[in-house]
Amino acid sequence: MPQRTVIVGASLAGLRAAETLRQHGYDGTITMVGNERHLPYDRPPLSKRVLTGQAEPESTTFPVPDTLGIDWVLGRAATGLDLDLGRIRLDGGDELAYDRLLIATGASPRIMNGAPPGPGVHYLRTLDDAIALRADLQKSRSLVVIGAGFIGLEVACSAQQLGVPTVVLEALPVPLERALGAGVGAAVAAWHRAKGTDLRVGVGVDGLATGPDGRPEAVRLGDGTTVPADTVVVGIGVTPAVGWLAGAGVDLDDGVRCDSRLRVLAGGRPVPDVLAAGDVARWTHPAYREPVRVEHWTNATESGEAAAMTMILGDSADPYDPTPYFWSDQHGVKLQMVGRAEPGSDTTVLEGSFEEDRVLIAYGAAGRLVAAIGIRRPARVMALAGQIAAGAAYPPQG
Ligand SMILES: Cc1cc2nc3c(=O)[nH]c(=O)nc-3n(C[C@H](O)[C@H](O)[C@H](O)COP(=O)(O)OP(=O)(O)OC[C@H]3O[C@@H](n4cnc5c(N)ncnc54)[C@H](O)[C@@H]3O)c2cc1C
């Protein structure tokens, strides 16, 4: 097996790939390049227990046993890739040669016009972001969260737990519509309001009004009104971190395009020994018509492992065909979703309701079960994941 493996992106997908390579006896070098100065850490707690103070930022660091034998290049960004020579370029100009490369650079927050990051204006992706936001939340008297996606709603729940008066502004009429569909998105919105979240939808944001110290005083809305805010969190989605690959010849299309075994495509053809995993990868999933990119924890774990297996087994590796899964912690309970809510899919409530903090909903399209969401129904959600993978009919039986 080739002896020099380079992983760009020192986080979940990259770490899982490194672990899998070692578990399967790879004894060459593994170099992990990360533009953050931290060892890999877990991001989900950053919008939850780290913000509320129930967990310390350092507790999020993943255990990395010395036996993994990773050479760390931290606090350095990859700035370019030369596929012909098998090298990546680092900021500062030096280069790193590889026999096998894993691209695992994740995603970065989309920056909103008129609300660039600055004092009192936060985007939440990194540990440093969470530390800065936590410090502001501890003294905040008015928080505005722009964007009612998962991160925005989780931040709002954490702020509510801290007793910070919070307003959530969402531009679309229904939050989370792309992920959950319109009906369930509306039910989640109603559930948040019933729990005391001041969630305002269909609200355009014009920009921020700042004080003489440069900190926000209010958020200016499209209708000319303002909402007071000494702290603002913008959560309007992320974009795959592919800037460093510009001009490298790799196919970029809302992420790094990959084949079904996570090999990177260039001009539509897989590049031997160059793979991608995690939030940055958009791969040909055997079960879906369109290539898929998933911005969730379990996919980062599983795709990191799958990419390593492709490195080891090549064409004999299984195609990467997971049933997507994610969770989100809101108002003290865990929402869990499996599959993908296709646009226009039908839904059936199988158990409970959001009001009861206990619910199970199935999604169907063209007579097939395609997704399910639940609160306090983990075993049934996982059973439905199995049925989705098996191509079960909708509505599900039993
Ligand atoms: C606050 C927060 C809460 C979340 N909560 C949940 C949750 O509850 N449930 C769930 O399923 N998922 C959750 N997620 C999503 C989950 O954490 C991500 O899907 C996962 O971290 C993706 O892992 P990754 O390794 O692909 O990328 P990332 O974790 O984004 O890591 C990529 C790394 O590469 C680095 N990098 C980028 N460009 C370069 C470059 N040019 N050179 C070197 N390094 C580079 C980045 O700085 C980063 O350190 C959450 C994410 C966040 C931010």
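Please read all numbers here as calculations on a predicted model, not as lab measurements. Quick note: numbers below take in every heavy atom, side chains included, and nothing from hydrogens, waters or symmetry partners. Order of appearance sets the numbers: ligands from 1, and atoms from 1 within every ligand.
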For atom 51 (C) of ligand 1, the closest protein heavy atom turns out to be R43 CB, 3.9 Å
Are H38 and ligand 1 in contact, using a heavy-atom cut-off of under 4.0 Å?
-> no
Scan the side chains in residues 346-353 for donor-acceptor partners under 3.5 Å anywhere in the protein, sequence neighbours excluded, and list what turns up.
unit_1, atom_1, unit_2, atom_2, d
D346, OD2, Y394, OH, 3.2
T348, OG1, Y394, OH, 2.6
E351, OE1, R358, NH1, 3.1
E351, OE1, R377, NE, 2.6
E351, OE2, R380, NH1, 2.9
S353, OG, E356, N, 3.3
S353, OG, E356, OE2, 2.8

Please work out which of the three classes, parallel, tilted or perpendicular, describes the rings of W283 and H285, given edges at 30° and 60°.
-> tilted
Mind checking whether F150 contacts ligand 1 via backbone (N, CA, C, O), side chain (CB onward), both or neither, at a 4.0 Å heavy-atom cut-off?
-> neither
Below 3.5 angstrom, do we get any N/O pair linking W327 and ligand 1?
-> yes
Should the proximity of A107 to ligand 1, defined as any heavy atom under 4.0 Å, be assigned to the side chain, the backbone, both, or neither?
-> backbone
What atoms of ligand 1 come within less than 4.0 Å of a heavy atom belonging to R125?
-> 28 (P), 30 (O), 53 (C)
Indicate, with yes or no, if V164 and I151 share a hydrophobic cluster defined by side-chain heavy-atom contacts under 4.5 Å among Ile, Leu, Val, Met, Phe, Trp and Tyr.
-> yes
Taking R376 for its side chain and L360 for its backbone only, find out whether a donor-acceptor pair lies under 3.5 Å.
-> no
For A13, atoms of ligand 1 separated by under 4.0 Å from a heavy atom | 25 (O), 26 (O)
Can an N or O of R76 be found at a distance shorter than 3.5 Å from an N or O of ligand 1?
-> no
Give the residue, atom name and distance (to 0.1 Å) of the protein heavy atom nearest atom 4 (C) of ligand 1.
-> P44 CA, 3.5 Å
Considering only non-hydrogen protein atoms, determine which one is nearest to atom 1 (C) of ligand 1 and report residue, atom name and distance to 0.1 Å.
-> I151 CD1, 3.6 Å
For E295, take its heavy atoms, then give the atoms of ligand 1 lying under 4.0 Å from any of them.
-> 15 (C), 19 (O)
Find the distance between CE (M32) and CG (L39) and round it off to the nearest 0.5 Å.
-> 9.5 Å
Considering only heavy atoms of F326, which atoms of ligand 1 have at least one such atom less than 4.0 Å away?
-> 11 (O)
Is I236 reachable from V168 through a run of hydrophobic residues whose side-chain heavy atoms are each under 4.5 Å from the next?
-> no
Below 3.5 angstrom, do we get any N/O pair linking S47 and ligand 1?
-> no
Note the single closest protein heavy atom to atom 44 (N) of ligand 1, along with its residue, its atom name and the distance in Å.
-> N35 N, 3.1 Å
Should the proximity of S108 to ligand 1, defined as any heavy atom under 4.0 Å, be assigned to the side chain, the backbone, both, or neither?
-> neither
Tightest non-hydrogen contact, residues D279 and R293, listed as O-NH1, 2.7 Å
Using side-chain hydrogen bond (donor to acceptor under 3.5 Å, both in side chains) as the criterion, list what pairs up with Q160, not counting sequence neighbours.
-> T197
is_close_aromatic(H331, W191), centroid dist under 6.0 Å = yes
Per-atom contacts of ligand 1 with S11, taking only distances under 4.0 Å to non-hydrogen atoms | 25 (O), 28 (P), 29 (O), 31 (O), 32 (C), 33 (C)
Region of W297 that comes within reach of ligand 1 [heavy atoms, distance under 4.0 Å] | both
Side chain, backbone, both or neither: which part of K48 has a heavy atom under 4.0 Å from ligand 1?
-> side chain
Flag D279 as yes when one of its N or O atoms lies below 3.5 Å from any N or O atom of ligand 1, and as no otherwise.
-> yes
Note: R22 and L68 closest approach over all heavy atoms is NE-O, 2.7 Å
Could an N or O of ligand 1 be found under 3.5 Å from any N or O of A241, whether backbone or side chain?
-> no
For the pair R89 (side chain) and A78 (backbone), establish whether a donor and an acceptor sit closer than 3.5 Å, ignoring hydrogens and angles.
-> no
What part of N299, side chain from CB on, backbone N/CA/C/O, both or neither, has a heavy atom under 4.0 Å from ligand 1?
-> neither
From CD (Q330) to NZ (K48), nearest 0.5 Å = 9.0 Å
Provide, to 0.1 Å, the distance between atom 42 (N) of ligand 1 and the closest protein heavy atom, together with that atom's residue and name.
-> A78 N, 2.9 Å
Mark up the atoms of ligand 1 that fall under 4.0 Å of a heavy atom belonging to G278, in ascending order.
-> 26 (O)
Could you check atom 34 (O) of ligand 1 against the protein and tell me its nearest heavy-atom contact, residue, atom and distance included?
-> G9 CA, 3.3 Å
Report the part of A300 (side chain from C-beta onward, or backbone N, CA, C, O) that has a heavy atom under 4.0 Å from ligand 1; answer both or neither where that applies.
-> side chain
